[in-house]
Asker: 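Got a structure for you, written out below as structure tokens; questions coming shortly.
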Amino acid sequence: MISIIVPCYNEEAALPYFLAAILEEAETLLAELGQETELVFVDDGSRDGTLDLLRTAAKENSHIRYISFSRNFGKESAMYAGLENCTGDYAVIMDADLQHPPAMLAGMFRAIAEEGYDIAAARRVSRKGEPPIRSFFARAFYKLINKISNAEFVDGASDFRMLSRPAVNALLRLREYNRFSKGIFGWIGFRTKWIPYENVERVAGETTWSFWKLFLYSLEGIVAFSITPLSIASVMGILFCATAFLWMLMIILRTLLFGDPVAGFPTLACLLLLIGGSIQLSLGIIGQYLAKTYLETKKRPIYIVGETEKDCQKAGRD
Ligand code: UDP
Ligand code: MG
């Protein structure tokens, strides 16, 4: 059986299209590959009619299940909840806005079941329809993070991927609170087949990702998967100390040889600013890691369930 996990946050506009498309594809999968499908929707604390749509869908179709969070926990938590609660031998994560073509499912399944891969992942080959400035920063981010982290980050890799049961179980063992799935997927390893696809526009509704949000998300990825910034802070400190020491020697020699006219106030002011600034920067970097450690040590749950299709059925029976 294939479990299809769909994180949804305020997707009432796109859900009906998605449901129609995925149910049709499920029939094809059953007819051509003999695979049953299970749909696990994760309602990430939506404030619109998403949950109502899911309740109705689950009532009408026994292959449809849903988990509804008590508030918005973010897509990372939603994906974790779906993986934790799915029962299939294969699990695939898909967006609710049809940006991930359901037609690719059969190919992904074959890659795992017949070609011997553990993971089949969709990879965007073009960044068509994206603002150029965003593409530029995205490329720069991938170059940087691959240099400073030992998990593999693939440019254009989406969260649209099918995993075999062993890969799902491996993912579930990473119970960290700060989840950066692009890194987590790369970190667990396994043989991955990359299947190229063209970027598709959202079928309806709005994306929740602004440039600023993406920028903060990329910083999160760096802090979660690399400790190089901490080393940079120490190296910076060493460089400043070395420079200061050489300079001191130079001043002592100069005073001994030529006497000492009082001069150099502007130099001092600039140096103070430079050193003060770099101390602040280093403290900030340490603070980032400390904050993550703090949140991690609380061992809070990754998500909290408000209701599932089972609650809905029970209410219906009573
Ligand atoms: N999503 C979610 N929780 C959030 C934000 C988004 O579960 O807090 C879901 C959303 O419903 C969609 C998927 O994550 O199914 C991708 O979101 P979106 O389309 O907004 O992102 P984009 O495709 O622009 O990267
Ligand atoms: Mg989308």
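Numbering of ligands and ligand atoms starts at 1, following listing order.
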Asker: Can you report which non-hydrogen protein atom sits closest to atom 3 (N) of ligand 1, along with the distance?
Answerer: D44 OD2, 2.6 Å
Asker: Determine whether T87 and R65 make a side-chain contact, defined as any pair of heavy atoms from C-beta on separated by less than 4.5 Å.
Answerer: yes
Asker: Would you mind checking which non-hydrogen protein atom is closest to atom 21 (O) of ligand 1, with the distance to 0.1 Å?
Answerer: W209 CD1, 3.3 Å
Asker: Does the Lys NZ or Arg CZ of R134 fall within the cation-pi geometry relative to F137 - under 6.0 Å from the ring centre and within 45° of the axis?
Answerer: no
Asker: Please state which protein non-hydrogen atom is closest to atom 24 (O) of ligand 1 and give its distance, to 0.1 Å?
Answerer: T207 OG1, 2.7 Å
Asker: Compute whether any side-chain donor of one residue and acceptor of the other, for E38 and S3, lie under 3.5 angstrom apart.
Answerer: yes
Asker: Under 4.5 Å between any side-chain heavy atoms of S181 and Y80, yes or no?
Answerer: no
Asker: Under 4.0 Å, heavy-atom basis, I'd like to know which part of V6 is in contact with ligand 1: side chain, backbone, both or neither.
Answerer: neither
Asker: Could you confirm whether D97 has any N/O/S atom lying under 2.8 Å from the Mg ion (ligand 2)?
Answerer: yes
Asker: Can you say whether the rings of W212 and F215 are parallel (under 30°), tilted (30 to 60°) or perpendicular (over 60°)?
Answerer: parallel
Asker: Counting non-hydrogen protein atoms only, what is the nearest one to atom 23 (O) of ligand 1? Give residue, atom name and distance.
Answerer: Q99 OE1, 2.6 Å
Asker: In terms of residue, atom name and distance, what is the protein heavy atom nearest to atom 15 (O) of ligand 1?
Answerer: P7 O, 2.7 Å
Asker: May I ask you to list the atoms of ligand 1 that are less than 4.0 angstrom from any heavy atom of N72?
Answerer: 4 (C), 8 (O)
Asker: Which atom names give the shortest non-hydrogen contact between A58 and E309, and what distance separates them?
Answerer: CB-CB, 4.1 Å
Asker: Looking only at protein heavy atoms, which one is nearest to atom 18 (P) of ligand 1, and how far off is it?
Answerer: R202 NH2, 3.5 Å
Asker: Which residue and non-hydrogen atom of the protein lie closest to atom 11 (O) of ligand 1, and at what distance in Å?
Answerer: E11 OE2, 2.6 Å
Asker: Is G74 close to ligand 1, meaning an N/O of one under 3.5 Å from an N/O of the other?
Answerer: no
Asker: Under 3.5 Å, N or O to N or O, is A78 touching ligand 1 that way?
Answerer: no
Asker: Evaluate the side-chain proximity of I2 to M162: yes if any heavy-atom separation is below 4.5 Å, no if none is.
Answerer: yes
Asker: Are R124 and Y197 side-chain neighbours, meaning at least one heavy-atom pair lies under 4.5 Å?
Answerer: yes
Asker: On the 0 to 90° scale, with breaks at 30° and 60°, tag the F180-F225 ring pair as parallel, tilted or perpendicular.
Answerer: tilted
Asker: Can you tell me the protein heavy atom closest to atom 16 (C) of ligand 1 and the distance?
Answerer: D95 OD2, 3.1 Å
